[in-house]
Protein chains: 2
Amino acid sequence: MTSPETAPAALSNVAERRRDPEETQERLLDAAERLFGERGFDGTSLRAVTQAAGTSVSAAHYHFGSKEALLVATIRRRTEPITRARLERLERLEREAAGAPIPLERLLDAFLCPIFEYRAARGDHGETFRRIAARLFSDPPAVVADLKREIFGPTVERFMSALARALPERSSRSIALDLQFLVGVMVHVTSGHLEDAPDGGSVPSLAGLSDERVLGRMIEFVAAGLRAPDRQSGGALR
Amino acid sequence: MTSPETAPAALSNVAERRRDPEETQERLLDAAERLFGERGFDGTSLRAVTQAAGTSVSAAHYHFGSKEALLVATIRRRTEPITRARLERLERLEREAAGAPIPLERLLDAFLCPIFEYRAARGDHGETFRRIAARLFSDPPAVVADLKREIFGPTVERFMSALARALPERSSRSIALDLQFLVGVMVHVTSGHLEDAPDGGSVPSLAGLSDERVLGRMIEFVAAGLRAPDRQSGGALR
DNA sequence: GTCTATAGTTGGATAGAC
DNA sequence: GTCTATCCAACTATAGAC
């Protein structure tokens with residue numbers, strides 16, 4: 001049984017090792033997502049990741065090349081579908097509007113909804129995904145900064161134009177500033193800081209809120225902010 | 001003036017080493033603040049910190065006990081004066097109002113201004129401080145989570161009460177949610193993400209904006225959001 | 001494609017001289 | 001109070017067997 005013949009024969013116990021490569025990669029990505037999210041990039045050893053994935057350090061190097069490349073792959077796997085969904089929604093809105101300005105709330109929904117949708121669709125993974133989202137904004141590796149530009153750059157650009165049309169009385173610089181406020185809100189919420197916000201006394205816990213509830217209020221809140229005239233710049237009231 | 005008596009003996013070259021302990025501690029804190037801010041806690045070795053501070057690893061252990069304790073001290077040094085300033089401003093507003101509700105914009109100013117004020121007052125250090133602020137919300141060490149509760153808990157509680165009086169038609173849970181949106185905006189701005197936000201094309205750079213400009217617009221933006229009726233909960237319009 | 005073994009660094013922490 | 005020297009654990013990455 002131990003492979004007397006040449007090539008084709010005898011996968012007896014070798015078959016154990018020759019697992020599906022794609023499955024190994026996915027197990028690595030899942031483990032990396034969870035651990036990088038919990039302890040950060042520098043706080044997580046490659047060993048811990050491979051151990052959690054039930055494989056070896058060298059397997060990770062074979063598939064991804066380096067620890068940093070594994071991080072990049074981990075982030076990309078989640079952000080790409082979200083970016084795609086955002087742009088698709090925006091394009092559909094623009095198609096339907098046929099030149100007319102798109103209502104602010106619709107634009108914000110197109111930008112924000114895909115994150116929640118994706119989280120909800122992935123169940124448990126949604127919980128771990130949000131940590132990765134937070135890391136994207138604070139983890140040190142220089143690669144991440146480039147990745148952030150690559151991921152957000154085109155999307156922000158497209159939404160900026162749409163917002164400028166929805167808010168014709170505001171200067172583009174003022175809108176760009178508000179857009180960063182929006183990103184701040186989004187990151188904070190997506191990172192899961194709502195759940196562990198300090199409560200007690202007169203501060204009620206926010207742990208039980210549904211995604212729909214949070215998303216809905218976020219849109220109301222941000223839309224009101226965006227509509228508020230900017231008294232300092234070339235805004236409406238000037 | 002150099003007190004020759006008592007402590008009489010030979011400080012010949014030993015005097016070199018016997019530097020002012022408080023100054024050493026401050027140099028360590030400065031270096032830790034800069035490096036932890038740039039590369040994160042796990043991404044920064046204690047050796048790198050002590051080298052930048054011009055001292056030794058064992059000096060750091062002597063003064064702070066551990067790398068983690070050094071991080072805690074670094075954060076505390078900056079957050080304590082800010083928390084104090086926030087509460088002082090709030091108390092003064094409440095004293096002056098003498099029972100009447102305090103205008104929303106005043107409350108937001110009391111909450112947000114101290115950060116900018118502190119940054120401006122410290123010059124270069126203000127630039128590095130903001131990184132520490134960002135770390136506070138994402139760095140992995142478990143100590144940081146406790147520290148966050150300790151630092152923000154009482155302040156959030158006090159401001160929650162004041163906001164509830166300024167917005168009598170809103171439910172406290174809804175205000176608590178909005179307050180987290182506010183924190184998200186604050187963290188994002190304080191962390192310095194405005195400067196390296198993606199620009200180009202139709203997105204103007206935000207790098208040149210003054211603190212006053214950003215703070216002013218932040219208050220307008222957030223105040224409008226807080227005043228926006230919450231259609232889903234026990235808000236005004238219901 | 002996956003493993004074991006190991007190379008070569010670098011990490012936090014401590015002991016003991018001064 | 002500050003240093004030098006050192007311990008030992010843990011890390012990334014690679015080489016080579018299977």
Side-chain angles (χ1 to χ4, degrees), chain A residues 1-29 31-32 35-36 39-74 140-143, chain B residues 7-29 31-32 35-36 39-74 140-143:
Chain A
M1 276 297 178
T2 44
S3 96
E5 271 80 348
T6 55
L11 308 173
S12 64
N13 88 5
V14 180
E16 274 277 337
R17 327 186 114 199
R18 222 168 261 176
R19 291 183 286 195
D20 180 12
E22 288 192 13
E23 195 211 298
T24 300
Q25 289 181 36
E26 271 207 24
R27 284 206 319 277
L28 277 168
L29 288 171
L35 293 174
F36 287 158
R39 310 176 205 170
F41 180 74
D42 289 310
T44 307
S45 71
L46 197 51
R47 296 174 120 76
V49 174
T50 56
Q51 212 167 328
T55 181
S56 66
V57 178
S58 31
H61 271 99
Y62 174 80
H63 286 295
F64 296 98
S66 74
K67 188 188 174 186
E68 239 183 29
L70 174 60
L71 172 69
V72 172
T74 305
V143 214
Chain B
L11 308 175
S12 61
N13 86 5
V14 180
E16 275 277 336
R17 328 187 113 199
R18 222 166 262 177
R19 292 183 284 192
D20 179 10
E22 289 193 13
E23 194 211 298
T24 301
Q25 290 181 36
E26 272 208 22
R27 283 206 318 277
L28 277 167
L29 288 171
L35 292 174
F36 287 158
R39 309 176 204 169
F41 179 74
D42 289 310
T44 306
S45 69
L46 196 52
R47 296 176 129 79
V49 174
T50 56
Q51 211 168 328
T55 181
S56 66
V57 177
S58 32
H61 270 99
Y62 175 80
H63 285 295
F64 297 98
S66 73
K67 188 189 173 188
E68 237 182 30
L70 175 59
L71 173 68
V72 172
T74 304
V143 215

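Naming convention: chains lettered A, B, ... in sequence-line order (proteins, then strands); numbering from 1 in each chain.
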* Atom-pair distance (CG on B/L46; P on C/dT14), nearest Å -> 11 Å
* With sequence neighbours excluded, residues passing salt bridge (Lys or Arg N to Asp or Glu O under 4.0 Å) with A/E23 -> A/R27
Would you tabulate the nitrogen or oxygen pairs shorter than 3.5 Å linking the protein to nucleotides 8-10 of chain D?
none

* Asked: Which part of the nucleic acid, if any, lies within reach of B/T44 when heavy atoms closer than 4.0 Å are counted: base, sugar-phosphate only, or nothing?
  -> sugar-phosphate
* Asked: Hey, are the side chains of B/V143 and B/L71 touching, using non-hydrogen atoms and a 4.5 Å cut-off?
  -> no
* Asked: Distance from B/S45 atom OG to B/Q51 atom CD, nearest 0.5 Å?
  -> 8.0 Å
* **Rounded interatomic separation in angstrom, taking CZ from B/R27 and P from D/dG1** => 15 Å
* Out of curiosity, A/Q25 CD to A/D20 CG, how far, rounded to the nearest 0.5 Å? -> 9.0 Å
* Asked: Within the pair B/T24 and D/dG1, is there a side-chain N or O less than 4.0 Å away from OP1 or OP2?
  -> no
* Interatomic distance, B/L71 CG vs C/dG11 P [rounded to whole Å] -> 17 Å
* Asked: Counting N and O atoms only, with roles assigned by atom type, does the side chain of A/K67 sit under 3.5 Å from a partner on the main chain of A/F41, one being a donor and the other an acceptor?
  -> yes
* Answer yes or no: is there a donor N or O on one side and an acceptor on the other, between the side chain of B/T44 and the main chain of B/L35, under 3.5 Å? => yes
* Whole-Å gap separating P (C/dA13) and CG (B/L70) -> 10 Å
* **Rounded interatomic separation in angstrom, taking CD from A/Q51 and P from C/dT2** => 17 Å
* Asked: Near DNA chain C, which residues from residues 55-67 of chain B have a heavy atom under 4.0 Å away?
  -> B/V57, B/S58, B/H61, B/S66, B/K67
